[in-house]
Amino acid sequence: MRLAVGENDVAAIREIALAAPLDDMQPESFTLLVFALLGHGELDRARWMAAQGADRHPSEFLLQFWAGTLLFDKNPWNQKLDTQSWTIGGSYLRAAVALRPEQPTPHLLLGDYYRSRGQYVLARRATREAVRLTTDLQWNWGTAGFNEYMLGNDIEAQALAERDEATGTLEHWQESALYRARVNNGDLTIEESIELAREQSANYPEALAGPGLSLLSARSVGRVDPERALELVRPLLERDLDSYVVWLVAATSYVLLGDGEKALAATERLEGLTDLYDMVQRMDVRLLFAAAHRLLGDDVRADKELKLALHARDDLFAGHEDEWAKSPVVEAIEMLLPIAEGR
């Protein structure tokens with residue numbers, strides 16, 4: 001095996017990976033093969049080999065870490081996997097954290113895993129632990145700030161994200177959340193946030209949906225303004241931009257304006273952009289469908305969608321209701337639920 005790896009013999013490496021006596025292999029051999037396969041772009045085989053090694057050697061940190069990284073859908077190659085593999089990836093990352101709690105990277109990846117599921121309470125805990133352990137990881141402060149924003153902790157969100165802003169390492173989506181937190185904190189007016197979003201939109205078109213979300217939040221602007229929110233994103237709708245947040249602003253605005261037909265069309269477009277792993281997005285879509293069908297007088301379909309939305313909400317908040325209490329997610333539910341229920 002070491003000879004094949006040393007000579008960079010990809011055919012031999014593949015053959016070894018397929019014929020290796022897995023139950024007799026030492027952890028080092030699994031790790032060597034995983035790295036060799038990755039080096040030759042053999043992602044599927046590397047993913048399989050890492051999982052096989054992790055299952056056989058549960059106390060080996062590197063195998064748990066790489067199995068989790070390669071099976072988690074936000075892996076470095078950005079390949080989407082089936083739900084079962086993705087869920088198992090989270091289990092391996094949790095095992096890696098348990099084995100080396102002093103290592104920041106597994107905490108950061110586990111936080112990213114939870115964030116991708118919409119489980120922001122768990123994401124906050126994992127990411128904040130990574131932040132506590134080091135300040136050298138990319139996206140650590142901005143990601144921690146985003147998690148705080150999603151839980152309605154705007155002061156903490158702003159303070160954390162500004163650390164990455166100062167070094168120029170803040171990602172576009174993190175920067176958009178930072179602007180919304182500043183609006184909520186009174187450090188930025190909605191007009192200023194719109195101007196900043198217009199500047200940002202040159203490289204990040206969906207930035208205009210950020211102040212659109214603020215305009216749909218009474219917490220941000222006092223009185224929601226769905227017409228202006230629509231005005232901001234309308235050019236992006238006309239371009240049929242593939243952006244979840246843009247169509248979320250559109251669908252929510254149409255519901256608040258009482259336009260069931262357009263709300264339904266926008267929600268159908270939104271559903272096609274939904275990440276099936278994200279519990280918040282799944283709930284959003286079902287609630288918007290319920291509201292749109294209620295506006296259109298289809299009570300049977302509205303009741304069905306409402307039941308699914310409430311079930312998704314209960315799954316998301318279970319055991320963490322207090323930590324979600326100030327969240328913009330809860331605010332959106334409280335705004336849309338009366339319409340979805342026909343009240």
_S193 side-chain N/O to I190 backbone N/O, donor-acceptor pair under 3.5 Å_ = yes
*asked:* One pair to check against side chain to side chain contact (heavy atoms under 4.5 Å, CB included): M25 and R56. What are the steps and the verdict?
replied: CA-CA 9 Å; M25 283 176 57; R56 286 169 172 79; over 6 Å; no
_Check ion pair E129-R132 (N to O, under 4.0 angstrom)_ = yes
*Is the shortest distance from a Lys or Arg side-chain nitrogen in K304 or D298 to a carboxylate oxygen in the other one below 4.0 Å?*
no
*Do side-chain atoms of R124 reach the backbone of N147 as a donor and acceptor pair under 3.5 angstrom?*
no
*Can you list the steps and then say if D112 with T143 is a side chain to side chain contact (heavy atoms under 4.5 Å, CB included)?*
CA-CA 8 Å; D112 196 29; T143 301; 5.6 Å; no
*Listed by chain and number, what are the ring-ring contact (aromatic ring centres under 6.0 Å, His included) partners of H172, not counting sequence neighbours?*
Y204
*D322 atom CG, neighbour heavy-atom count above 12 within 6.0 Å*: no
*asked:* Between the side chains of E148 and R128, is the shortest nitrogen-to-carboxylate-oxygen separation below 4.0 Å, so that they form an ion pair?
replied: yes
*Going hydrophobic residue to hydrophobic residue with side-chain gaps under 4.5 angstrom, can you get from I194 over to V183?*
no
*Among side-chain atoms of N184 and Y179, is any donor-acceptor pair under 3.5 angstrom?*
no
*Just checking, is any N or O donor in the side chain of Y149 or R180 under 3.5 Å from an acceptor N or O on the other one?*
yes
*When you check the gap from the basic side-chain N to the acidic O, do R294 and D299 get nearer than 4.0 Å?*
yes
*Between S217 and E331, a side-chain donor and acceptor under 3.5 Å*: yes
*Between E321 and R313, is there a side-chain N and carboxylate O pair less than 4.0 Å apart?*
no
_How about CD on E261, more than 12 heavy atoms from neighbouring residues, nucleotides or ligands closer than 6.0 Å, or not?_
no
_Carboxylate-amine/guanidinium proximity below 4.0 Å for R219 and D154_ = yes
